[in-house]
Amino acid sequence: MDTKIIRKYRDAASGTVMNRHLGATEAIYYLLDSLYCLNFVVFAEVVGALELTRLNHALHATQQEKPLLRARIAQVDGHPFFEAVSMEQAPLKAQVLPLRNWRLRLAEQLDTPFADVAPLARFFWFGGRGGQSVAAMVFHHAIADGKSGAQVLLDVLRRAGGEDLPLALRASRPSAQDLDPINAKGMVESAVQKVGFWLGQGRATLKFARQLPGYDPQLRCGRSIQAIPYTLSPEKGQALLAACRAHGTTVHGVLGAAQILAINSECGAPEERHLALTSLADLRGVLSDRLSADDLGLYIATLTTVHAVAASPDLWQLAIGIKSQLSQLLHSGDANLIHSVYPRASLLPTSRHSARMVQAAAALGPPASMLTNIGNQQPLTLRNGARVRSLAFMVSPPPQHPICVTVAGYAGGLHLHLLYDQTKLCDAQAQRIGSALIGFIDAAIDQSNPCEKP
């Protein structure tokens with residue numbers, strides 16, 4: 001691609017087509033995707049009738065609106081570049097599959113690459129006949145995060161259900177790094193803040209013990225992603241929310257604490273140890289330019305916190321500590337601390353060697369389980385009378401994380417999935433961790449509501 005074309009693409013960046021270099025986070029996800037898929041999928045169980053023709057019309061309108069749904073990843077001087085493609089060349093259409101084993105089919109999509117094709121999303125409709133179906137959208141993680149992906153899926157369902165949403169063509173958006181206020185503070189101040197933070201983190205990290213006995217952290221060629229679903233009813237979800245407010249923490253904090261304690265229960269005899277948690281934090285509240293849920297893109301940061309776990313740990317104390325550390329990170333002056341430890345991906349040529357360098361750098365951090373939470377969505381009834389019964393999502397877990405727990409709130413309830421690689425963690429251990437996780441959550445609810453059994 002010659003200089004004139006590149007300049008034309010840069011000039012068009014404020015329009016409704018996406019032509020720009022990938023930002024650092026996007027490029028990191030793209031590089032790692034060449035070693036192991038980093039797809040994610042959002043899906044909704046629907047009760048009531050939908051029509052394939054209406055679904056495809058809704059997908060057409062949504063693709064028109066979102067520049068990243070009309071882009072492929074090309075190479076310019078060895079670096080990844082979002083290149084606009086026409087909808088005629090790469091239409092986004094629904095693929096219809098039987099409802100049977102739909103969750104297994106979606107888990108398979110987590111390890112099904114997009115390569116260099118467009119669009120960088122796929123749509124599946126399971127069980128197209130009858131009164132129940134599952135609508136699912138799979139995304140290449142370089143173009144979206146769970147929150148914006150869920151918004152796209154719900155917009156498609158609204159349109160397919162007969163709602164006349166006005167066509168709102170979105171401008172192409174910069175990467176998260178270009179919207180990060182730290183860029184305006186100058187290199188010296190930024191460097192001092194980053195060094196100060198990581199020196200503080202280092203003291204805890206030096207005490208860090210092995211995250212999970214029985215887990216093989218090595219990168220393998222083949223993977224077998226498994227997903228174990230769990231559901232907290234709206235009654236339990238509301239009880240958990242009330243308990244969190246009473247203890248001065250968040251739902252993410254208590255879920256993270258339960259996850260740490262579930263891992264801790266696999267670590268042998270009770271003793272004081274340090275365990276880490278990696279949280280995927282939504283940056284929309286700390287980035288500039290008034291981002292909204294309608295802006296499809298990768299606007300998250302990977303934040304790892306390290307926590308002292310006592311021999312007889314207190315879940316609420318851990319939950320408060322998780323909330324406090326995440327708040328400090330997000331307001332420490334750098335909303336994208338991932339770039340303080342990973343190589344700057346925009347300077348790395350796109351190659352398997354570069355991808356392995358990025359993965360090796362990621363593996364240097366404290367091994368941690370991952371928790372990602374897209375928040376709560378109000379119940380949705382479509383214009384034609386069909387209703388969305390549940391909303392959830394699943395993420396392909398990176399190899400340095402023994403488990404990844406995804407959380408989506410819907411209608412007051414919580415839909416969780418524990419994801420793991422069957423070639424690296426045995427089914428029995430994953431089941432034990434999941435059961436312990438739910439057990440700690442239930443115990444927290446019961447302790448806070450001693451006279452009520454949700």
Side-chain angles (χ1 to χ4, degrees), residues 193-215 217 240 243-281 301-332 334 337-338 340-341 362-373 398 400-405 407 418 425 429 432-445 447-448:
Q193 290 170 330
K194 292 178 183 180
V195 169
F197 167 76
W198 287 108
L199 285 176
Q201 285 293 93
R203 286 191 292 271
T205 303
L206 288 173
K207 303 175 184 176
F208 191 83
R210 179 176 172 84
Q211 175 75 16
L212 183 63
Y215 176 70
L240 180 63
C244 290
R245 288 172 174 168
H247 285 86
T249 187
T250 59
V251 171
H252 187 92
V254 78
L255 293 176
Q259 188 167 319
I260 287 175
L261 293 180
I263 293 287
N264 187 58
S265 66
E266 294 286 313
C267 292
E271 63 179 54
E272 183 176 340
R273 57 175 59 90
H274 283 73
L275 295 177
L277 177 72
T278 291
S279 298
L280 276 298
T302 304
L303 306 179
T304 298
T305 54
V306 181
H307 305 274
V309 182
S312 298
D314 181 279
L315 179 140
W316 291 109
Q317 187 177 13
L318 272 174
I320 292 168
I322 290 169
K323 176 194 174 186
S324 175
Q325 284 198 39
L326 288 176
S327 179
Q328 289 175 26
L329 292 182
L330 286 172
H331 297 92
S332 64
D334 187 353
L337 288 168
I338 186 173
S340 301
V341 284
L364 290 175
S369 61
M370 177 182 283
L371 174 63
T372 175
N373 179 3
Q400 67 268 26
H401 301 299
I403 64 167
C404 175
V405 176
V407 185
L418 187 151
L425 185 71
Q429 190 170 19
R432 282 200 310 271
I433 294 170
S435 296
L437 168 70
I438 298 301
F440 284 118
I441 295 171
D442 284 341
I445 296 171
Q447 290 167 9
S448 299

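In what follows, every heavy atom counts, from backbone to side chain, and hydrogens, waters and symmetry copies are set aside. For the single chain, residues carry numbers from 1 onward in sequence order.
Qualifying side-chain hydrogen bond (donor to acceptor under 3.5 Å, both in side chains) partners for Ser324, counting only residues two or more places apart in sequence or in other chains: Gln328. For the side chain to side chain contact (heavy atoms under 4.5 Å, CB included) test, residues two or more places apart in sequence or in another chain that qualify with Arg432 are Glu266, Ala428, Gln429.
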*Would Leu240 and Ile441 count as a side-chain contact (heavy atoms from CB on, under 4.5 Å) if you check the C-alpha gap in whole Å, the side-chain angles of each, and the deciding distance to 0.1 Å?*
CA-CA 8 Å; Leu240 180 63; Ile441 295 171; 4.2 Å; yes
Exercise. Do Ser435 and Phe440 pass the side-chain contact (heavy atoms from CB on, under 4.5 Å) test, and can you show the C-alpha distance, the side-chain angles, and the key distance before you say yes or no?
Worked result: CA-CA 9 Å; Ser435 296; Phe440 284 118; over 6 Å; no
Give the C-alpha distance, both sets of side-chain angles, the deciding distance and a yes or no for side-chain contact (heavy atoms from CB on, under 4.5 Å) between His307 and Ile322.
CA-CA 8 Å; His307 305 274; Ile322 290 169; 3.4 Å; yes
Practice item. Show the numbers, then the answer: is there a side-chain contact (heavy atoms from CB on, under 4.5 Å) between Asp314 and Leu318? Key: CA-CA 6 Å; Asp314 181 279; Leu318 272 174; over 6 Å; no
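Minimum heavy-atom separation, Arg273 to Cys267: NH2-O, 3.2 Å. Minimum interatomic distance between Leu315 and Ala444 (heavy atoms only, all atoms of both residues): CD2-CB, 4.0 Å. Of all heavy-atom pairs spanning His401 and Tyr215, the tightest one is O-OH, 3.5 Å. Pairing each heavy atom of Ile320 with each of His247, the nearest pair is CD1-O, 3.4 Å.
Expressed to the nearest 0.5 Å, how far CG of Leu418 lies from CG of Leu425 amounts to 8.5 Å. The distance from atom OG1 of Thr304 to atom CD of Gln400, rounded to the nearest 0.5 Å, is 8.5 Å.
Contact annotation: the side chain of Ile403 approaches that of Ile263 to within less than 4.5 Å [non-hydrogen atoms, C-beta and beyond]. By the 4.5 Å heavy-atom criterion applied to side chains, Thr278 and Leu303 are not counted as neighbours.
The salt bridge (charged side-chain N to carboxylate O under 4.0 Å, His left out) contacts involving residues 315-328 comprise nothing, where partners must be two or more places apart or lie in separate chains.
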Side-chain donor/acceptor pairs under 3.5 Å, residues 249-262, sequence neighbours excluded:
from: Thr249; atom 1: OG1; to: Ala319; atom 2: O; distance (Å): 3.0
from: Thr250; atom 1: OG1; to: Gly253; atom 2: N; distance (Å): 2.9
from: His252; atom 1: NE2; to: Ser279; atom 2: OG; distance (Å): 2.9
from: Gln259; atom 1: NE2; to: Ser369; atom 2: OG; distance (Å): 3.0
from: Gln259; atom 1: NE2; to: Met370; atom 2: O; distance (Å): 3.0

